[in-house]
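Report on the following structure.
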Amino acid sequence: MATPGAVPFDYDSNPDRYRMGSKLSNDHSRINLYARVAARLTGADLVLDVGCAEGVLCEAMPDKRLIGLDMSMPFLRNHPAPRIQANATAIPFRDNTFDGVTAVNMLYHLTDPRPALKEAKRVLKPGGVMIAATIARTDSPEFAGYRTRPPTTFDAEEAPEIVRDVFGEVEVDAWDAPLLTLPTKASIRDYLLVRRVSREAADKAAQELDVPLSVTKRGAMANRSKACLT
Ligand SMILES: C[S@@+](CC[C@H](N)C(=O)[O-])C[C@H]1O[C@@H](n2cnc3c(N)ncnc32)[C@H](O)[C@@H]1O
């Protein structure tokens, strides 16, 4: 396997790429990752969502006190208050503040996710819950002929081990199923553009693949559960 690399950060210059991806998931996915995360946080009074973007998790838990943290101002401006601009590696809160800390599809932006996980652990109250969700390297295998996905620093295949390095123990909730259906050629093209495939390759895939196209989604959520947090 090639050396894992951090996924480049383009949210300030191109926030619409992320927005298009969110819309595609929203419109065509049969898995609601955010509802799944929210279900793990039922007992949490105060939650910090690290890499919150525009508040997709916040929407899934309207009855919770949630603070959004993100580096990207174009996103943070649209996140409901309270929200804070900060780096996941230097969380500007005191030790033992939160009942839950989440990092959904964001740790792969860090060269080494461990310092951010240590920060999450620091601001969690004893007994709090950490949830780190991410995508598998082999996600969306239907597009294997059109895209190569280099290994990232926080793929679902290694994520539980990495969280374990910091938290000592984890529970894993993984998925691997045809959870998304792309109904049109345009949605196939957009799905690939969101994943930084060239316009040429995205158009080629849209031309060659039949619709509706069922897409296999693979990923995992590593949870440090209340019961075992030290
Ligand atoms: C792929 S988006 C995921 C957003 C949201 N959690 C979701 O699941 O849709 C990654 C987010 O992490 C943020 N981010 C990336 N690196 C960060 C860092 N070091 N500190 C804080 N936020 C970061 C980005 O600005 C972006 O909003």
Side-chain angles (χ1 to χ4, degrees), residues 4-29 31-41 47-61 64 66-80 82-93 98 100-123 130-137 139-140 149 152-156 159 162 166 173 175 179-180 190-191 193-196 217 219-223:
V7 173
F9 183 104
D10 67 348
Y11 302 103
D12 290 339
S13 57
N14 185 15
D16 285 343
R17 188 185 60 79
Y18 165 79
R19 289 177 184 138
M20 186 153 84
S22 284
K23 182 163 167 37
L24 283 169
S25 296
N26 224 15
D27 291 351
H28 307 306
S29 180
I31 180 175
N32 185 333
L33 174 59
Y34 306 96
R36 210 153 159 158
V37 172
R40 297 254 167 199
L41 290 167
V47 174
L48 179 70
D49 183 24
V50 177
C52 61
E54 297 182 306
V56 66
L57 180 62
C58 197
E59 272 171 38
M61 34 201 306
K64 284 266 175 264
L66 181 146
I67 299 179
L69 179 152
D70 206 288
M71 283 205 320
S72 166
M73 218 40 202
F75 284 165
L76 213 49
R77 257 186 232 115
N78 295 326
H79 190 286
R83 65 214 157 175
I84 186 161
Q85 187 180 27
N87 195 315
T89 55
I91 297 178
F93 289 99
F98 295 96
V101 176
T102 55
V104 180
N105 291 341
M106 69 80 56
L107 287 169
Y108 48 56
H109 287 298
L110 302 171
T111 311
D112 179 1
R114 288 170 192 83
L117 285 164
K118 283 182 189 154
E119 272 296 87
K121 188 177 181 188
R122 181 185 65 73
V123 299
M130 168 72 206
I131 301 178
T134 193
I135 301 162
R137 250 191 316 284
D139 180 62
S140 307
R149 185 186 183 279
T152 82
T153 51
F154 199 69
D155 287 336
I162 295 170
V166 175
D173 174 9
W175 50 94
L179 292 167
L180 182 101
D190 290 350
Y191 187 81
L193 291 176
V194 165
R195 282 154 186 78
R196 304 174 205 240
K217 297 304 294 171
M221 220 158 79
N223 319 296

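Start at 1 and go down the list; that is how both ligands and their atoms are numbered.
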Look at the side chain of R122 and the backbone N and O of F93, then say whether any donor-acceptor pair between them is shorter than 3.5 Å. yes
Expected output: side-chain H28 to main-chain L180 donor-acceptor under 3.5 Å: no
Going by the order shown, which atoms of ligand 1 are within less than 4.0 Å of some heavy atom of A88? 18 (C), 19 (N), 20 (N), 21 (C)
Taking C-beta and beyond as the side chain, do P74 and D12 meet within less than 4.5 Å on heavy atoms? yes
In terms of atom number and element, which parts of ligand 1 are under 4.0 angstrom from non-hydrogen atoms of H109? 10 (C), 15 (C), 16 (N)
Gap between atom CE of M106 and atom CE of M71 - 0.5 Å precision: 7.5 Å
Should the pair R77 and F75 be classed as cation-pi, given the thresholds of under 6.0 Å to the six-membered ring centre and 45° from the axis? no
What atoms of ligand 1 come closer than 4.0 angstrom to any heavy atom of L110? 19 (N)
Would you mind running through ligand 1 and noting each atom that sits below 4.0 Å from a heavy atom of F75? 27 (O)
Can you check whether H79's main-chain N or O pairs, donor with acceptor, with R83's side chain at less than 3.5 Å? yes
Heteroatom distance test (V104, ligand 1): nitrogen or oxygen, under 3.5 angstrom: yes
Considering only the protein, which heavy-atom contact is closest to atom 26 (C) of ligand 1, and what is its distance? D70 OD2, 3.6 Å
For residues T152 and D155, is any side-chain donor paired with an opposing acceptor at under 3.5 Å? yes
Heavy-atom nearest neighbour in the protein, as seen from atom 19 (N) of ligand 1, with distance rounded to 0.1 Å: N87 OD1, 3.0 Å
Distance to 0.1 Å, residue and atom name: give those for the protein heavy atom nearest to atom 15 (C) of ligand 1. F9 CE1, 3.5 Å
Measure M71 to ligand 1 on non-hydrogen atoms and call it side chain, backbone, both or neither using the 4.0 Å cut-off. both
Within reach of ligand 1, part of V50 (heavy-atom separation under 4.0 Å): neither
If we ignore angles and hydrogens, is there a donor and acceptor under 3.5 Å between the side chains of S72 and D70? no
Region of V56 that comes within reach of ligand 1 [heavy atoms, distance under 4.0 Å]: side chain
Is the side chain of E119 donor-acceptor paired with the backbone N or O of I91 at a distance under 3.5 Å, no angle test? yes
Which residue holds the protein heavy atom closest to atom 3 (C) of ligand 1, what is that atom called, and what is the gap in Å? N105 O, 3.4 Å
Residue and atom name of the nearest protein heavy atom (relative to atom 17 (C) of ligand 1), distance in Å to one decimal: M106 CE, 3.6 Å
Heteroatom distance test (C52, ligand 1): nitrogen or oxygen, under 3.5 angstrom: no
Any donor-acceptor pair under 3.5 Å from N32 side chain to A35 backbone: yes
What's the shortest distance from atom 1 (C) of ligand 1 to any protein heavy atom, and which residue and atom give it? Y11 OH, 3.0 Å
Geometry only, no angles: is Y34 polar-contacting ligand 1 at N/O separations under 3.5 Å? yes
When only distance counts, is G51 in polar contact with ligand 1, meaning an N/O pair under 3.5 Å? yes
Could you please spell out the steps behind the side-chain contact (heavy atoms from CB on, under 4.5 Å) verdict for T153 and D112? CA-CA 7 Å; T153 51; D112 179 1; over 6 Å; no
Is there side-chain contact between V56 and Y18, with heavy atoms separated by less than 4.5 Å? yes
Within the distance-only criterion (no hydrogens, no angle test), does the side chain of R195 pair as donor or acceptor with the backbone N or O of Y191 below 3.5 angstrom? yes
Does A86 reach ligand 1, in the sense of a heavy atom lying below 4.0 Å from it? yes
Looking only at distances, can you tell me whether any N or O atom of Y18, backbone or side chain, sits closer than 3.5 Å to an N or O atom of ligand 1? yes
Note: ligand 1 atoms sitting under 4.0 Å from heavy atoms of A53 are 4 (C), 27 (O)
Does Y108, backbone or side chain, put an N or O under 3.5 Å from an N or O of ligand 1? no
